[in-house]
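By convention in this document, chain letters (A, B, ...) are assigned in the order of the sequence lines, proteins followed by strands, and residues within each chain are numbered from 1.
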Amino acid sequence: MFDPNRIRNQLEATAELLSRRGFMLDVTTLGTLETERKQIQIRTQELQQERNTRSKSIGKAKAAGEDIAPLLAEVGHLGDALKNAEEQLRTCQTKLEDILLGIPNIPHASVPTGTSEEDNPEIRRWGTPPVFDFEPKDHVDLGAGLGLMDFEQATKITAARFVTMTGPMARLHRSLIQFMLDLHTREHGYTEIYVPYLVNADSLRGTGQLPKFKEDLFHIPEEDFYLIPTAEVPVTNMARNHLFEANQIPQRFVCHTPCFRSEAGSYGKDTRGMIRQHQFEKVELVQFTRPEDSYDALEALTGHAETVLQRLELPYRVVTLCTGDIGFSAAKTYDIEVWLPAQNRYREISSCSNFEDFQARRMKARWRNPETGKPQLLHTLNGSGLAVGRTLVALLENYQDAEGNIRIPDALRPYMNGLAQIP
RNA sequence: GGAGAGAUGGCUGAGUGGUCGAAAGCGGCGGUCUUGAAAACCGUUGACGGGAAACCGUCCGGGGGUUCGAAUCCCUCUCUCUCCGCCA
């Protein structure tokens, strides 16, 4: 959510900035509602003031032992008018707020203009895609070929878009999680944290998944809870309705959770394998920073995610999401894409974003600025460090040999009890 | 699941219908003292919204109600704590 002051002071300019990401701000409706709001609010406050003044004088008269009956008679008519005005004000404010909650973040000036992922500029590459003297298999053939990955099994248990893994494959998957958590806590200064996997609607509103993206979520109606689509939701919402002292900020959290996504609207997309599942593991990086530090923090955080791939010796590239591809809540996003030999292209494995104060405003997440002594919205950031399922896919496909064996990269061997190859 | 107690400012905690936005303490900020710091002492210090400003309004867990007037009374929801039961 952007600063409501923009509606009053810079409506046209804001509409211009939002149009860059293809969002058409309804300037007329907003302008009208805002004018209406102002009128009603002023009238309401006048009535409230009158009531307060009169009530106080009644109190004084009573204390002085005077007859208050004539004073009471004077106030009689006030009640209905006030109730009416308050009701109107509430309706108007709700309307405005509903509109505001549906407006995406304003892209940062450094975000390139574009309409789709085709327009995302690549900013760097690391590593060299492996060259095979045989036709590389994809992770499904590799995993199933080893008998360690089973999609039919998962379909029987639940439905499509789930997987079961067995033995060394399950262990490799778990090793990746341990490795990532260790790296970020030991070398990058993150605090590991454990959080609920079910969240309430307020939390989802805070990070921006609600009200607009309800259909992407798994919902438990009995309790009105939602399965988290990412650890971003519970971790970022720790700051909701909280005021940090200056010395408590910045904060860096790393959190491993499963993630649940309904993938409504992506029927027929990545139906094969582990690329797009209803349930997957992710190690997430989340930061709370001072506003002036958030863009440096974004660069650092992206670097932390990249380090995972470097240690695993997996080739990747980094792209900046253009205005047409950037997410609803983000002001700027870098996607890290890992090389997948079977697809012969780079695929997203991490998304690192600065939300500036967009989420913080929805959450009322603030810090006390020592220079002003006043509470101020903080900035939130997050990024995958990394998506575990897709990292496993990348490992299988990049480290396969002609016989379908998988080499374990050095960084993971301690976690695999020294194992150098699967099977 | 049963019985009871509670939710107040950054934090702890008083306040049971009329200048209460709210005592006190802690913390923060400013000052005195000190070479400097600590201690002590003095002063100051809620958030949000409207307004150019003066100033005004809202807020004592959320929502609703009673009243001229609600932190205070009523209803309801959520959460926390204690005891009992059950349980990984």
Checking base pairs now: Watson-Crick or wobble, both atom distances under 3.5 Å. What partners [N]?
N      : result
B/rG51 : none
B/rC73 : B/rG65
B/rA23 : none
B/rA40 : B/rU32
B/rG4  : B/rC81
B/rC87 : none
B/rG17 : none
B/rG46 : B/rC59

Closest approach to the side chain of [X], judged atom by atom: which nucleotide of [options] is it?
X        : options                : result
A/Ser55  : B/rC48, B/rU19, B/rG69 : B/rG69
A/Lys38  : B/rC48, B/rG57, B/rG51 : B/rG51
A/Lys83  : B/rC56, B/rU66, B/rG18 : B/rU66
A/Arg368 : B/rA47, B/rG49, B/rG18 : B/rA47
A/Gln49  : B/rG57, B/rG10, B/rU19 : B/rG57
A/Arg51  : B/rU58, B/rC48, B/rG49 : B/rU58

A/Gln93 atom CD, neighbour heavy-atom count above 12 within 6.0 Å: yes
Pair A/Asp138 + A/Arg272, salt bridge at N-O below 4.0 Å: yes
Pair A/Asp270 + A/Arg347, salt bridge at N-O below 4.0 Å: yes
C1' spacing across the pair B/rU45 / B/rA24, given as an integer number of angstrom: 15 Å
Span that lies between the P atom of B/rU78 and that of B/rG69, in whole angstrom: 30 Å
Contact under 4.0 Å: A/Lys374 side-chain N or O vs B/rA47 OP1/OP2: yes
Side chain to side chain donor-acceptor pair (under 3.5 Å) partner of A/His139, chosen from A/Glu397, A/Gln400, A/Gln343: A/Glu397
A/Asp224 CG to B/rC77 P, straight-line distance once rounded to whole Å: 16 Å
Rounded distance in Å - CG (A/Asn369) to P (B/rG28): 17 Å
Distance-only donor-acceptor test, A/Lys56 side-chain atoms vs B/rG18 base atoms, 3.5 Å: no
Touch class at under 4.0 angstrom, heavy-atom based, for A/Arg43 against every strand present: nothing
Touch class at under 4.0 angstrom, heavy-atom based, for A/Pro375 against every strand present: sugar-phosphate
Taking every non-hydrogen atom, the tightest pair across A/Asn105 and A/Arg21: O-NE, 3.1 Å
